[in-house]
Amino acid sequence: MDIKEVRSHHIPAQNKVDPIDIFICWYGEDKSQVTIRCWDSAWTAYRGGHSSEKVEKYLLDCLEMGLDDHLVELFSRTRSPREIKWLTRIFNNIHLYLKDLDLD
């Protein structure tokens with residue numbers, strides 16, 4: 001699968017969460033690989049049908065609809081309570097960041 005575009009976002013530290021980097025490989029046709037990095041940990045997930053050209057819009061829509069648990073499960077590697085709590089806090093900051101972007 002050829003990569004059509006690579007995008008990255010940097011979210012400054014806030015709400016007791018270190019800076020977050022989001023790396024997106026867009027393959028076209030609503031297919032993306034998303035990597036979230038915070039401090040010395042990273043999580044990756046593939047979305048093969050996010051119904052929007054930009055996976056950022058898909059993430060924002062999920063967060064706006066209260067589907068935080070869905071995203072945490074999608075990205076979680078270990079399912080440990082500690083990781084789930086950390087990812088939940090990370091997604092709260094991602095939500096704040098994405099709300100300020102023009103994704104339409």
Please test N15 against N92 for side-chain contact (heavy atoms from CB on, under 4.5 Å), starting from the C-alpha separation and ending with a verdict.
-> CA-CA 9 Å; N15 302 320; N92 287 337; over 6 Å; no
Are I20 and I84 linked, directly or through other ILVMFWY residues, by side chains that come within less than 4.5 angstrom of each other?
-> yes
Check A42 against R77 and note the closest heavy-atom contact, atom names and distance.
-> O-NH1, 2.7 Å
Judged by modelled atom types alone, do H10 and D21 share a side-chain donor-acceptor pair under 3.5 Å?
-> yes
Criterion side-chain contact (heavy atoms from CB on, under 4.5 Å) on R89 and K16, from CA distance to verdict | CA-CA 9 Å; R89 291 175 58 202; K16 299 181 182 178; 3.1 Å; yes
CA sep, side-chain torsions, deciding dist, call: I22, T35, side-chain contact (heavy atoms from CB on, under 4.5 Å) = CA-CA 6 Å; I22 303 172; T35 301; over 6 Å; no
Are any of the side-chain nitrogens in K85 or E83 under 4.0 Å away from the carboxylate oxygens of its partner?
-> no
Measure the OG1-CG distance between T88 and D69 for me, rounded to the nearest 0.5 Å.
-> 6.5 Å
With rounding to the nearest 0.5 Å, note down the distance linking CG in L71 to SG in C62.
-> 4.5 Å
Without hydrogens or angle criteria, can the side chains of Q33 and W26 be said to hold a donor-acceptor pair below 3.5 Å?
-> no
Short question: side chain of S32, backbone of V34 - any donor-acceptor pair under 3.5 Å?
-> no
Would L101 end up clustered with V55 when hydrophobic side chains under 4.5 Å apart are linked, directly or stepwise?
-> yes
Rounded to the nearest 0.5 Å, how far does CG of L63 lie from NZ of K99?
-> 10.0 Å
Hey, do the aromatic rings of W43 and W86 have their centres closer than 6.0 Å?
-> yes
Carboxylate-amine/guanidinium contact E29 K4, below 4.0 Å = no
Between the SG atom in C25 and the CG atom in D2, the distance rounded to the nearest 0.5 Å is 12.0 Å
Kindly indicate whether the side chain of H50, heavy atoms from C-beta on, has any atom under 4.5 Å from the side chain of K57.
-> no
Return yes if some donor-acceptor pair links the side-chain N/O of R79 with the main-chain N/O of E73 below 3.5 Å, else return no.
-> yes
Between CD of E56 and NE2 of H9, what distance do you get to the nearest 0.5 Å?
-> 3.5 Å
Joint hydrophobic cluster, I90 plus L96, side-chain heavy atoms closer than 4.5 Å = no
Cluster overlap F91 with V17, hydrophobic side-chain contacts below 4.5 Å = yes
Hey, could you give me the NZ/CG distance between K54 and L59, rounded to the nearest 0.5 Å?
-> 12.5 Å
Has R82 got more than 12 heavy atoms of other residues, nucleotides or ligands less than 6.0 Å from its CZ?
-> no
Check the hydrophobic clustering (I, L, V, M, F, W, Y; side-chain heavy atoms under 4.5 Å; chains of links allowed) and say if W39 and V72 are grouped together.
-> no
Look at the rings of Y58 and H70 and say which category their plane angle falls in: under 30° parallel, 30 to 60° tilted, over 60° perpendicular.
-> perpendicular
